[in-house]
Amino acid sequence: MQGTVDGFTYGLVTPVAAFLMAALGAALGLRCTTRSLHATRSCRVGWLALGSLSIGSGVWTMHFVAMTGFTVQETPISYDKPLTFAGLAVAVVMIGIGIFIVGYRGATRMALITGGTITGLGIASMHYLGMAGMRMAARFAYDTPLVVLSVLIAGCAATGALWAAVTLRGALSGLGASVLMAVAVTGMHYTGMAALDVHLHLPPTLPSDLSAVLPGDRPAEMIGPMLVGPGCFLLLAAVVLLFDPGAVTGEPGPGHRPGRRPGDHRDHLVPQARPRPRNDPHARGRRPRSAAREGTGRARYR
């Protein structure tokens, strides 16, 4: 039996709220990534870790907020906590890998493609792992072309957002990169939901309360506790960026040395001594070349 799926139970409230959460996490995370490019090597790890936590928390929160508007008319829905929180861990780890690649390699083509692809795969993995954590009296089936399209949307838009974050400067460019990342996350989510088909396998005799036969927690029971952790991550990132204006404007921090390209690995080299001028009279005990010419001229006119 085919289930009646509704992804917009509360109208535009859940899509808009989900988009705003994704944009907030992306804005904080990408600003941390930009700030890491101008930080010392010892501080860069902290900025990149904070950025991956911010983007991962924003992506995961967006998914769960959007799923509160997902219902199947014939059966209630519950969630398995371990799989649901595993989606958060996967998102943070894989997005962190992509951000660290870009943060340490700079805005090179290979770094952006690799980092953006891994970040997009992390976003998609979080989504489908979260879908696997749903519990209902039904089985899922996915349309393969739409699933592939959702992964491509996540990867391409994440690559573009990382490129804009590490290449462009200014608050407006950061805002554009955040919106692009939010479009990637929400676009991937609703494309993946469009690929979903629900096939019910309800028992012949239905109990009065179907929730009694489904293990796990209801969305209303989980929304508060589940948002505490990601909310703390986002609040921490916002406080750190609030006291670091350079992260918002994209300008180099106090410890940045001019003339260095972000992500340059030659910062650890000891600068070599400047060579002496060729006419230095103290170089290897030789006379200056001009003095030698003067002595030769005097000898000719004697």
Side-chain angles (χ1 to χ4, degrees), residues 7-8 11-37 47-48 50-67 69 91-92 94-96 98-99 102-103 107 111-113 115-124 126-127 149-194 227 230-231 233-235 237-238 240-242 244-251:
F8 303 93
L12 294 178
V13 175
T14 49
V16 172
F19 177 84
L20 292 177
M21 291 304 301
L24 175 62
L28 296 176
L30 292 176
R31 285 294 90 189
C32 290
T33 304
T34 303
R35 184 64 181 85
S36 71
L37 298 177
W47 282 111
L48 293 175
L50 185 61
S52 60
L53 285 172
S54 300
I55 296 178
S57 299
V59 167
W60 185 82
T61 304
M62 180 283 312
H63 172 80
F64 196 79
V65 170
M67 290 306 296
V92 171
M94 294 192 68
I95 291 174
I99 287 179
V102 175
L112 287 173
I113 293 176
T117 300
I118 295 177
T119 301
L121 289 176
I123 296 172
M126 179 280 307
H127 171 80
L149 178 61
S150 69
V151 176
L152 290 177
I153 291 175
C156 294
T159 302
L162 289 176
W163 172 83
V166 301
T167 304
L168 304 179
R169 295 291 178 266
L172 290 179
S173 61
L175 178 62
S178 306
V179 171
L180 184 59
M181 178 70 81
V183 169
V185 176
T186 54
M188 181 281 310
H189 175 85
Y190 285 104
T191 303
M193 296 306 296
L227 293 182
F233 286 142
L234 295 176
L235 179 61
V240 172
L241 292 175
L242 180 64
D244 187 6
V248 180
T249 59
E251 296 297 330

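Remember, predicted model here, so these are calculated numbers, not experimental data.
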Heavy-atom closest pair, residues Met188 and Ala154: CG-CB, 3.8 Å
Heavy-atom closest pair, residues Thr159 and Leu112: CG2-O, 3.6 Å
Can you tell me how far SG of Cys156 sits from CG of Leu180, rounded to the nearest 0.5 angstrom? 10.5 Å
Heavy-atom donor-acceptor pair, Thr34 side chain to Ala165 backbone, under 3.5 Å: yes
Can you find a pair of side-chain heavy atoms, one from Val179 and one from Phe19, that are under 4.5 Å apart? yes
So which of Ile99, Leu28, Ile95 actually passes side chain to side chain contact (heavy atoms under 4.5 Å, CB included) with Ser54? Leu28
Within this structure, what is the CG-CE distance for the pair Leu162 and Met181, rounded to the nearest 0.5 Å? 5.0 Å
Out of curiosity, His127 NE2 to His189 NE2, how far, rounded to the nearest 0.5 Å? 6.0 Å
So Trp60 and Val185, side-chain contact (heavy atoms from CB on, under 4.5 Å) or not? Walk me through it. CA-CA 10 Å; Trp60 185 82; Val185 176; over 6 Å; no
Please find the pair of heavy atoms, one from Ser57 and one from Leu53, that lie closest to each other, and give the distance. OG-O, 2.7 Å
Nearest heavy-atom neighbours spanning Ala66 and Tyr190: CB-OH, 3.6 Å
For Trp47 and Ser36, which heavy atoms make the closest approach, and how far apart are they? CB-CB, 3.6 Å
Heavy-atom pair of closest approach, residues Ala184 and Ala158: CB-N, 4.2 Å
In Å and rounded to the nearest 0.5 Å, what is the CD1 to OG1 distance from Ile55 to Thr33? 5.0 Å
Evaluate the criterion side-chain contact (heavy atoms from CB on, under 4.5 Å) for residue pair Val13 and Phe8; output intermediate values, then yes/no. CA-CA 8 Å; Val13 175; Phe8 303 93; over 6 Å; no
